[in-house]
Amino acid sequence: MTGQGERLHGERAIRSIVIVGGGTAGWMAAAMLARRLEKQPVRITVVESSTIGTVGVGEATVPGIRDFFREIGVTEREVMAAAKGTAKLGIEFVDWKRPGHRFFHPFGLYGMRSRGVAFHHYWQKLRAAGEAVELSDYCLASAMAARNVFMLPTDKPVHDLLFFDWAVHFDAGLFAKFLAARSVAQGVAHIDATITDVRINPQSGLIDGVDTACGKAIDGDLFIDCSGFRSLLLGKALGSGYVDWSNLLPCDRAVAMPCTRTAPLTPYTRSTAVAQGWKWRIPLQHRVGNGFVYASRHLSDDEAVASLCAGLEGEPLAEPNLIRFRTGHREQFWRGNCVALGLAAGFMEPLESTSITLIQTGIEKLLALFPDRDFDPALAGEYNRSTTLEYARIRDFLLLHYWANDRRGEPMWDQCRDTALPEMLAHKIRLFEAKGHLVRYEWESFHDPSWLSMYAGFDIAARTHDPAADYFSVPDLQAALARMRESIGKAVALAEPHDSFLAGYGVG
Ligand SMILES: Cc1cc2nc3c(=O)[nH]c(=O)nc-3n(C[C@H](O)[C@H](O)[C@H](O)COP(=O)(O)OP(=O)(O)OC[C@H]3O[C@@H](n4cnc5c(N)ncnc54)[C@H](O)[C@@H]3O)c2cc1C
């Protein structure tokens, strides 16, 4: 039955969406909106400027990206073939705790629960009893990464030990092209023009349209600002301020430079800490993505470029791409008839590959709260509330990486250890230290195993374990853990070297 409310809604329905920007954010939004709104009479237009170009980085993702592929109706295989993709089981953190130390943040679970008690309490109990038990030995994703092998997870793992997840690395430029081709085939209009003005309606305060250098005016009902760091619509035209977190996270610059591949393909991203920041290494089929994220207070751009170039494993494939950024986000992500996604909404350094996932969840939230032309402020209010929480939770996870370091005698890292932590993060750490208790807040992107990998990786120890773990004696636990290691060993033996997996999968 169609009620009057519904008919009215139909009359006020959004008729045209203008997406400003044709980077990863713009084309992800176009692809998803075209798919979800395909039966509705909505015109979708992407305006981008080939003279301005895109930021040209953003190659590592988290497992949720595979939901995005599914949502737009493509397979991992198609994306990986089109964008020279590789598999990602997690991130290896090298020298973060201190030089010479490394640990792995996997997309997977650790060990098996027993009698309702999480595995890490048994792990803690054995460590307290003097056993040298490594948490990563009980995670299939970590074990595969350590051996440089990969396989697809089974749909229904018979127990937790066999559960793992995976993400992809891809060439961001090729990924955007792939999405653009699909979107245009689905009817999205594509205009290459430089926007010179944003017209705001003096009565409503809403955006009426944008004007371009070639004289074309583009009007719309809903505007999605994917214009990158410029934040042309939301930041510049509508004046949504910026919440600056530079006081919490020290890095404010990056330089990126791809090089030829010399080593076998690793199924993970590597992040290596250095005195003034950290360097990423992202293996793709046709090249390796490299970058150096650093604090300009501690290093000049020239020094950063020289340091990145000196450490390349292969021949450079492009000039250094220098990028300045300010960590934080727009005060409001959605104002009036404009929602910002991607760099136009905010930015946190790519330490845990969270920007693309924020674009994805932004699109999902927008669709869940999709407005009509009345733009009920309650919808924007909820979007802004949840997105602010989501950003803050990620910020706290990143902050933990810096705060927990033990790189003594290096000014940047010494300062990081002294950072006053936001209370929500401090509370989380206190609860873990008290008895290994893991807290999950609303809109948290990283779940218990991720936090656990950081606590274990940085040796943040719990003072005691859950008393329920004492049901089992130490010898019982030693035997159980030996069986778990054996199961993981058998499972890893089924995986193949990453490059042969890709060839067999038909993408390499
Ligand atoms: C150093 C670094 C490393 C990163 N690594 C990762 C990573 O590993 N994983 C991850 O998830 N994310 C990463 N990111 C973030 C990721 O790159 C971005 O989230 C993603 O590329 C989206 O960018 P964007 O589309 O918002 O902006 P951009 O790529 O900058 O695109 C902006 C678009 O707006 C258009 N535009 C701008 N002004 C105008 C105008 N006046 N008229 C018309 N068009 C205009 C441009 O032409 C362009 O098409 C990284 C970011 C940085 C800075």
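Side chains are part of it too, since the values below use all heavy atoms of this structure and drop only hydrogens, waters and symmetry mates. Just so you know, ligand 1 is whichever comes first in the structure, and atom 1 is the first atom listed for that ligand.
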Show me, pair by pair, the donor-acceptor contacts under 3.5 angstrom made by side chains of residues 338-349, not counting sequence neighbours?
{"unit_1": "Glu349", "atom_1": "OE1", "unit_2": "Tyr402", "atom_2": "OH", "d": "3.2"}
{"unit_1": "Glu349", "atom_1": "OE2", "unit_2": "Trp278", "atom_2": "NE1", "d": "2.8"}
{"unit_1": "Glu349", "atom_1": "OE2", "unit_2": "Tyr402", "atom_2": "OH", "d": "2.4"}

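A cation-pi contact, defined as under 6.0 Å to the ring centre and within 45° of the axis, links Lys279 to Phe292. Judged by a 6.0 Å distance limit and a 45° cone about the ring axis, Lys365 is positioned over the six-membered ring of Trp443.
To the nearest 0.5 Å, atom NE2 of residue His447 and atom CG of residue Leu109 are 11.5 Å apart.
Between the side chains of Thr61 and Lys88, not a single donor N or O lies within less than 3.5 Å of an accepting N or O. Between the side chains of Glu78 and Thr75, at least one donor N or O sits under 3.5 Å from an acceptor N or O.
In this structure, ligand 1 sits under 4.0 Å from heavy atoms belonging to Gly21, Gly22, Gly23, Thr24, Ala25, Glu48, Ser49, Ile52, Gly53, Thr54, Val55, Val57, Gly58, Glu59, Ala60, Ala193, Thr194, Ile195, Cys226, Ser227, Gly228, Arg230, Leu232, Ala254, Trp280, Ile323, Gly342, Leu343, Phe347, Pro350, Ser353, Ser355, Ile356, Ile359.
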